[in-house]
Structure formats: C-alpha cells, structure tokens
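Quick note: numbers below take in every heavy atom, side chains included, and nothing from hydrogens, waters or symmetry partners.
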Amino acid sequence: MKNFILLLFLGLVILATMFTSCNFKKSAPDVSGDTTTVVADSLRIIINPEAVDSMLFIPNEGQPFRMDIADCKTLSEYLSKAVYDTTLNKSGIMMKMQAPDYTVIFYHKNKTADESDWLMIWKENGRTKFANEWYNLVESNRNSVYDLLGKYNEPVK
C-alpha cells in the first residue's frame, strides 16, 4: 500500500512539473525585417485608404449604395484628427441615441465582410463611433466631413 501511495505521489509530482514547465504563451512571429507593419493607435481613427476595397453608404432612408473610393483618402484625413472620447469608452455608460446621420462601412482588401469597419457620425454634437470606439470630431473638420458625406445623403435623381 505504501508503495502504491509513493508511486501515485511521484506520478503527480512529475505530472505537475510537466504542466508548469510548458510555455502556454503563443510565440510572436519575427517581424524584424518587416517594415510594412502598422501599429494601430486606439486613440485615433486610422483608415488606410490603400487597404480599403470599397465603402458602403447607408442612408437613413433608402437602399445602401457604394461610395466613390476617391473620397476615402479625404475622409480618412479628416477623421484622423478626431479626439478619443474617454468618457464614453470603457466606462460602461449606456445611453439612448438617435440613428446616426451618416453611416459608412469600410470593406478591406483580403479581409472578410465581418472584419469591416463601421463609421457612424451624429451631426448634433460631432460624436463619432468607429470600430466600436467613440470619438469627437474637431470643430475645424466637422463641416468638411458633413459636406463630404452630405453629398451622398441627398436623394439620387
């Protein structure tokens, strides 16, 4: 009986040693020679126009339609100056909001539709939601963004 308990104890010690010696962390790939890697800054809206395959505008009324891809670069420049909203992000605040005035979906090359980025803008206060993070448009860019997206909001004749 003592031999059985001793063998069981030694087996558990060896098993525990094996589990603790395993490295459960995933190893990161070596990117020392890769200069194309872009690190996303979560405090800014970063849209790479070269990586955008198409943009879909969703009006409040009517059918969604494709936007001109040439507007992507201009829109990304305007949005890059937006300010991260620390009050709404990661605070758990729930609020009732109206539908956004502008909604744009950015579809990316070599990615699925589920990996697309949604942009929603409310004109009332310049509040913006991009990729599930809240931002505020800066005063100097608000009208430029509204003008650019406003031309798509008008009914097609």
Run the side chain to side chain contact (heavy atoms under 4.5 Å, CB included) check on I58 and I105 step by step: do they pass?
CA-CA 8 Å; I58 303 176; I105 304 174; 3.6 Å; yes
Candidate pair I121 and V145, rule side chain to side chain contact (heavy atoms under 4.5 Å, CB included), full reasoning:
CA-CA 9 Å; I121 298 175; V145 172; 3.6 Å; yes
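F130 and F106 have perpendicular rings, their planes meeting at more than 60° on a 0 to 90° scale where under 30° would count as parallel. Aromatic ring pairs are classed by plane angle as parallel below 30°, tilted from 30° to 60° and perpendicular above 60°; the pair Y84 and Y135 is perpendicular.
Linking Ile, Leu, Val, Met, Phe, Trp and Tyr residues whenever their side-chain heavy atoms come within less than 4.5 Å places V52 and F65 in a single cluster. V83 and I45 fall into different hydrophobic clusters, where Ile, Leu, Val, Met, Phe, Trp and Tyr are joined by side-chain heavy atoms under 4.5 Å apart, directly or via other members.
One finds no salt bridge joining D53 and K111 here, because no Lys/Arg side-chain nitrogen approaches an Asp/Glu carboxylate oxygen to under 4.0 Å.
A donor-acceptor pair under 3.5 Å is absent between the side-chain atoms of D101 and the main chain of W122, judged by distance alone. Without hydrogens or angle criteria, E115 side chain to T112 main chain gives a donor-acceptor distance under 3.5 Å.
For residues 121-132, no pair satisfies salt bridge (Lys or Arg N to Asp or Glu O under 4.0 Å), with sequence neighbours left out.
Within the 4.5 Å cutoff, the side chain of L7 has no heavy atoms near those of the F4 side chain.
For the atom pair SG (C72) and CD1 (I47), the distance works out to 6.0 Å, reported to the nearest 0.5 Å.
R66 approaches S54 most closely through the heavy-atom pair NH1-CB, 3.1 Å. Closest approach of Y146 and Y102 over heavy atoms only: O-OH, 3.5 Å.
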